[in-house]
Amino acid sequence: MNNKISRRDFVISSAAAGLAATTPVTSKAQTPAAKIKSGIKPVVIASRNGFTIKNGGDISCVETAFERMARGDDVLDSLIAGVNIVELDPEDTSVGYGGLPNADGVVQLDSCCMHGPRKQAGGVAALEGIRNPSLVAKAVMDHTDHHLLAGRGAQEFARSMGFKIEDDLNTERSRELWLNWKRRVDPRHYLDPEKRFEAGAQAGLDMVKEGLIEENDYYGTINCNGVNWKGELCGVTTTSGLAWKIPGRVGDSPILGAGLYVDGEVGAAGSTGRGEANLYGLLSYLIVEEMRSGNHPKDAGMEALRRVKDNTIEPRLLNNRGLPNFNINFYVINNVGDYAGVGLYSPENRSQYSVCTENGAELMPFEPLLDGSPSD
Ligand code: GLY
């Protein structure tokens with residue numbers, strides 16, 4: 001596998017370097033003025049799906065975000081432009097349009113974003129009918145006094161902001177996979193609600209084992225964080241959440257401190273993987289606090305993974321070795337552009353995350369806390 005996209009020339013505009021009198025910012029609110037700081041290595045980091053070149057396009061999420069930062073665009077607008085590519089991709093069954101639906105076959109999306117310099121945030125949970133939940137999260141940040149809108153209210157807010165509401169965000173493929181799951185759970189037309197959810201998790205995991213769904217797509221998600229030449233930090237997370245979830249289930253992705261946390265002075269962290277394990281410890285917040293104490297992004301991320309391991313004691317969540325039977329990953333950058341991607345497991349070093357710097361985009365192996373794989 002070629003892990004390196006051919007090097008692109010990122011032309012750094014004077015605005016990106018903080019030299020222009022006015023910085024072009026696409027957000028309504030202006031980012032406080034900041035000048036270039038020495039020693040900063042600008043970077044965009046994202047989950048694996050941030051590297052894929054999508055059908056019809058010629059540039060990945062991380063490159064799009066980096067290129068826009070290089071042009072001097074606002075960092076959060078740049079990151080959101082990147083994840084929008086993944087949200088709109090019908091082939092990515094973990095995010096946005098074509099994301100795997102809930103147990104009732106309805107696609108419900110979660111997202112949040114944080115703007116370091118502006119110290120603002122917004123999020124949406126269990127949002128139906130809008131392909132780009134990250135843009136609605138940004139609208140919550142820009143146009144309301146709130147940080148999180150959920151369900152019907154989130155959709156009504158989006159409608160009032162001019163977003164197009166669609167009846168159904170399923171693609172042929174996501175619907176086909178949902179029907180496959182449904183038949184496994186209740187061949188007699190799902191008449192027993194209790195058994196349906198007990199059996200539901202097993203049926204989902206069986207589909208992963210049979211290769212119908214990639215493990216990453218079962219929990220879904222893209223997280224994308226960036227820092228520019230001026231040290232401005234932002235982040236965004238967007239997901240269709242756990243496949244076949246109980247309708248209304250909200251994971252870690254839209255929750256500030258869990259699926260994403262940014263402190264403009266310190267760093268940013270976000271996650272993919274089993275959201276429940278992250279929600280229990282608000283681990284993106286923990287990671288940023290670890291960096292505030294002086295720890296490198298890798299060490300900060302490893303501390304979060306140790307918490308996951310220590311807090312996972314329920315037998316149904318343990319493998320034969322007594323270790324977590326699921327995976328979770330964190331994407332971490334600090335205020336000078338040091339970065340790390342860490343995971344509970346990185347089986348045979350196959351799990352990777354995306355990075356884009358001035359040298360181009362590449363896939364990097366996660367630093368794992370534990371040997372082997374979740375199912376060992
Ligand atoms: N991390 C995505 C989710 O659990 O929904």
Side-chain angles (χ1 to χ4, degrees), residues 45-50 83 86-87 92-96 98-104 106-114 123-128 133-134 137 148 150-151 154 169 174 178 181 197 200-201 204-205 207-208 213-225 235-261 268-287 301 304-305 307-308 311-312 317 324-332 341-345 351 353 366 374:
I45 183 173
S47 33
R48 171 74 177 76
N49 43 0
V83 301
V86 187
E87 288 175 324
D92 191 313
T93 52
S94 73
V95 176
L100 295 176
N102 66 19
D104 288 345
V106 177
V107 180
Q108 285 187 331
L109 305 173
D110 299 333
S111 179
C112 76
C113 62
M114 292 187 78
V124 286
L127 175 68
E128 296 175 16
S134 62
L148 182 59
L169 293 184
S174 65
W178 173 69
W181 174 80
F197 289 114
L205 293 173
M207 290 173 78
V208 173
I213 316 171
E214 282 193 36
E215 195 181 341
N216 283 343
D217 287 359
Y218 189 51
Y219 286 103
T221 314
I222 180 166
N223 163 245
C224 186
N225 307 317
V236 59
T237 302
T238 174
T239 189
S240 51
L242 175 69
W244 335 130
K245 60 196 169 187
I246 294 177
R249 176 263 190 191
V250 172
D252 57 335
S253 301
I255 305 300
L256 306 179
L260 176 70
Y261 196 72
S271 67
T272 60
R274 184 177 155 78
E276 282 71 9
N278 186 3
L279 278 171
Y280 193 78
L282 294 180
L283 297 170
S284 291
Y285 180 73
L286 175 84
I287 290 171
L305 293 171
R307 296 278 176 104
V308 173
N311 286 333
T312 305
L317 296 173
N325 62 12
F326 55 84
N327 209 351
I328 183 163
N329 299 301
F330 293 98
Y331 311 85
V332 191
V342 301
L344 262 187
Y345 302 95
S351 303
Y353 65 101
F366 283 108

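Just follow the structure's listing: the first ligand is 1, and inside any ligand the first atom is 1. Both backbone and side-chain heavy atoms feed into the values below; hydrogens, waters and symmetry mates do not.
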Do the rings of Tyr353 and Phe366 sit parallel, tilted or perpendicular, given the 30° and 60° boundaries? tilted
For a side chain to side chain contact (heavy atoms under 4.5 Å, CB included) with Ile255, tell me which candidate from Asn278, Thr237, Leu279 qualifies. Leu279
What are the atom names and distances for all N or O pairs under 3.5 Å between ligand 1 and the protein?
residue, atom, partner, partner atom, Å
ligand 1, 1 (N), Asp252, OD1, 2.7
ligand 1, 1 (N), Gly273, O, 2.7
ligand 1, 4 (O), Arg249, NH2, 2.9
ligand 1, 4 (O), Gly273, O, 3.4
ligand 1, 4 (O), Gly275, N, 3.0
ligand 1, 5 (O), Arg249, NH1, 2.7

Side-chain donor or acceptor of Thr239 paired with backbone N/O of Val95 under 3.5 Å: no
Residue set satisfying ring pair (Phe, Tyr, Trp, His ring centres under 6.0 Å) with Tyr345, at least two apart, ordered chain then number -> none
I'd like to check the side-chain hydrogen bond (donor to acceptor under 3.5 Å, both in side chains) partners of Ser253; sequence neighbours left out, ordered by chain and number. none
Salt bridge (charged side-chain N to carboxylate O under 4.0 Å, His left out) with Glu276: which residues, sequence neighbours excluded? Arg249
